[in-house]
Amino acid sequence: MRGFHVGFEPGHPPVRVQIGTGARHRIGEEMTARGLGRALVLTTPEQVAQGETVREELGAAAVGLFSRATMHTPVEITEEALKAAANADCLVAIGGGSTIGLGKAIALRTDLPQIVLPTTYAGSEATPVLGQTADGIKETLRSPKVQPEVILYDPELVATLPAKLTVTSGLNAMAHAVEALYARDANPLSDELALAGLRAFKKGLPRVVADLGDLRAREETLFGSWLCGTVLAQVGMALHHKLCHTLGGSFNLPHAETHAILLPHSAAYNAGVAAEALAPVAELFDGSVGGGLYDFAASLGAPLALRDLGLSERDLDRAADLAIKTPYWNPRPIARDAIRTLLQNAFTGTRPD
Ligand code: NAD
């Protein structure tokens with residue numbers, strides 16, 4: 001079991017992290033250490049059994065289970081969950097980014113402490129960032145209030161993640177690290193975090209795919225998830241995250257799959273201009289940034305084409321327009337024609353160079 005405290009920036013609350021088999025049984029201990037005694041357990045409808053197990057283990061220290069967490073954190077669901085949290089003095093979120101997002105949304109409004117048990121690799125637990133949706137519009141905000149105080153990474157919890165989500169969620173985490181390497185505000189610490197995260201997934205993900213119950217490899221990839229989530233909180237993201245946000249928000253594409261498909265294409269888009277920053281990625285992935293990431297994804301059975309997610313070819317023009325509508329920083333200037341070509345290649349699943 002690895003256990004440590006981290007706190008990177010002024011105003012960023014210290015975070016307690018534990019990684020190892022059995023970490024999920026430490027909720028009570030962490031609550032006691034903080035003088036907390038009334039937890040509301042959060043999860044999704046699909047993970048209600050995992051939520052029940054946590055509630056049972058907490059016994060009288062659980063005031064309830066709210067199992068309606070939803071992707072993109074709609075405010076109507078947050079409002080219902082706030083009622084369920086009325087008697088709670090802390091939140092215990094067991095799930096992926098959707099469940100963790102709900103915990104963050106409640107914490108933003110109540111400042112309740114959060115103990116989080118991640119079950120995917122998305123990395124939200126390691127960031128003070130919340131995306132929430134009101135009236136169909138998703139807004140992202142940053143606040144120390146939403147950063148979970150305790151993260152318990154238990155490989156046995158992520159071992160139930162199906163193969164497809166395992167791969168796409170892992171690639172989602174890797175995308176944070178790839179964009180961190182060429183971030184405008186990258187620094188030596190963020191570079192090291194990003195590279196360590198990429199190495200953890202390069203080594204661990206093929207082993208997990210070969211045996212979903214390989215707890216050592218699951219632990220290695222969860223550590224990678226913490227590294228990639230942490231670096232996401234440290235530096236600004238660019239083209240890749242912008243495109244995923246556009247496709248997820250405006251075309252309702254699934255989060256992890258969209259990241260997985262776009263990553264080789266957005267990395268290839270920036271590879272020439274950010275060659276030095278991305279040199280370690282080329283080195284890790286057989287000499288080519290975009291092609292290497294594409295081959296890695298393909299070798300793991302990841303989806304490769306946006307058309308397989310239900311996007312229609314006639315949506316690509318609008319997607320390109322939306323992606324360039326609000327200016328944002330990217331190492332290579334954002335040109336509409338080049339973005340349209342990128343989207344076409346991602347649509348058909350063509351391997352980038
Ligand atoms: P998710 O939480 O939506 O989970 C996807 C599905 O898999 C759900 O049905 C869930 O119940 C199920 N699932 C999760 N873990 C499982 C397990 N171990 N076994 C079986 N089923 C499991 O997916 P996600 O990709 O983790 O999260 C996506 C959301 O997180 C998006 O809304 C995204 O914007 C947000 N996110 C936020 C940040 C941030 O820093 N704010 C970072 C990354 C992602």
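One-based numbering, in listed order, for ligands and for the atoms of each.
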Peer 1: Between Thr44 and ligand 1, find which residue part has any heavy-atom pair under 4.0 Å and reply side chain, backbone, both or neither.
Peer 2: side chain

Peer 1: Students should be able to answer this: which protein heavy-atom is nearest to atom 1 (P) of ligand 1, and at what distance?
Peer 2: Ser98 OG, 3.4 Å

Peer 1: Where's the contact between Thr140 and ligand 1, heavy-atom distance under 4.0 Å: side chain, backbone, both or neither?
Peer 2: neither

Peer 1: Examine Thr120 against ligand 1 and note whether any of their N/O atoms are separated by less than 3.5 Å.
Peer 2: yes

Peer 1: Would a hydrophobic clustering, with Ile, Leu, Val, Met, Phe, Trp and Tyr connected at side-chain separations under 4.5 Å, put Val231 with Leu284?
Peer 2: yes

Peer 1: Any N or O of Gln50 that comes nearer than 3.5 Å to an N or O of ligand 1?
Peer 2: no

Peer 1: Any atoms of ligand 1 less than 4.0 Å from a non-hydrogen atom of Met71? List them with their elements.
Peer 2: 3 (O), 31 (C), 32 (O)

Peer 1: What part of His72, side chain, backbone, both or neither, has a heavy atom within less than 4.0 angstrom of ligand 1?
Peer 2: both

Peer 1: Quickly, which of Glu125, Gln18, Glu219, Arg218 forms a side-chain hydrogen bond (donor to acceptor under 3.5 Å, both in side chains) with Tyr153? Name it, please.
Peer 2: Glu125

Peer 1: Gln47 versus ligand 1: do any nitrogen or oxygen atoms come within less than 3.5 Å of each other?
Peer 2: yes

Peer 1: Please work out which of Ala256, Gly97, Pro128 has its closest non-hydrogen atom nearest to atom 27 (O) of ligand 1.
Peer 2: Gly97

Peer 1: Do any N/O atoms on Val129 end up under 3.5 angstrom from N/O atoms on ligand 1?
Peer 2: yes

Peer 1: Number the atoms of ligand 1 from 1 as they appear, then name those within less than 4.0 Å of a heavy atom of Ser124, with their elements.
Peer 2: 37 (C), 38 (C), 39 (C), 40 (O), 41 (N), 42 (C)

Peer 1: Among Asp154, Thr119, Thr53, find the one that has a side-chain hydrogen bond (donor to acceptor under 3.5 Å, both in side chains) with Arg24.
Peer 2: Asp154

Peer 1: Any idea which atoms of ligand 1 are less than 4.0 Å away from a heavy-atom of Thr127?
Peer 2: 39 (C), 40 (O), 41 (N)

Peer 1: Is it the case that the side chain of Arg332 and the backbone of Val273 share a donor-acceptor pair, with hydrogens and angles ignored and the cut-off at 3.5 Å?
Peer 2: no

Peer 1: Going by the rule ring pair (Phe, Tyr, Trp, His ring centres under 6.0 Å), which residues pair with Phe347 if we only count those two or more places apart in sequence or in a different chain?
Peer 2: none

Peer 1: Taking only residues two or more places apart in sequence or in another chain, which ones pass ring pair (Phe, Tyr, Trp, His ring centres under 6.0 Å) with Phe251?
Peer 2: none

Peer 1: Would you say the rings of His241 and His259 are close, in the sense that their centroids are separated by under 6.0 Å?
Peer 2: yes

Peer 1: Note the single closest protein heavy atom to atom 8 (C) of ligand 1, along with its residue, its atom name and the distance in Å.
Peer 2: Glu46 OE1, 4.0 Å

Peer 1: Around atom 15 (N) of ligand 1, find the nearest protein heavy atom and jot down its residue, atom name and distance.
Peer 2: Thr119 OG1, 2.7 Å

Peer 1: Considering Pro254, Ala173, Ala122 one by one, which has a heavy atom nearer to atom 43 (C) of ligand 1 than any of the others?
Peer 2: Ala122

Peer 1: What's the shortest distance from atom 44 (C) of ligand 1 to any protein heavy atom, and which residue and atom give it?
Peer 2: His255 NE2, 3.5 Å

Peer 1: Where the side chain of Thr70 meets the backbone of Arg68, is there a donor-acceptor pair that is under 3.5 Å apart?
Peer 2: yes

Peer 1: Between His255 and His72 (judged by ring centroids, cut-off 6.0 Å), do the two rings come close enough to count as a pair?
Peer 2: no

Peer 1: Run the numbers for me: atoms of ligand 1, each under 4.0 Å from some heavy atom of Leu157, listed by number.
Peer 2: 18 (N)

Peer 1: Using a strict cut-off of 4.0 Å, indicate which atoms of ligand 1 neighbour a heavy atom of Gly96.
Peer 2: 2 (O), 26 (O)

Peer 1: Are the aromatic rings of Phe296 and Phe201 close, with centres under 6.0 Å apart?
Peer 2: no

Peer 1: Verify, without hydrogens or angle tests, whether Gln132 (side chain) and Pro74 (backbone) share a donor-acceptor contact under 3.5 angstrom.
Peer 2: no

Peer 1: Using atom types as modelled and distance alone, determine if a side-chain donor or acceptor of Ser169 lies under 3.5 Å from a backbone N or O of Tyr121.
Peer 2: yes

Peer 1: Do Arg55 side-chain atoms and Ala62 backbone N/O form a donor-acceptor pair below 3.5 Å?
Peer 2: no

Peer 1: Look at atom 19 (N) of ligand 1 and say which protein heavy atom is nearest, naming residue and atom and giving the distance to 0.1 Å.
Peer 2: Thr160 OG1, 2.8 Å

Peer 1: I need the nearest protein heavy-atom contact for atom 34 (O) of ligand 1: residue, atom name and distance, please.
Peer 2: Lys138 NZ, 2.8 Å

Peer 1: Of the protein's non-hydrogen atoms, which lies at the shortest distance from atom 6 (C) of ligand 1, and what is that distance?
Peer 2: Leu165 CD1, 3.9 Å

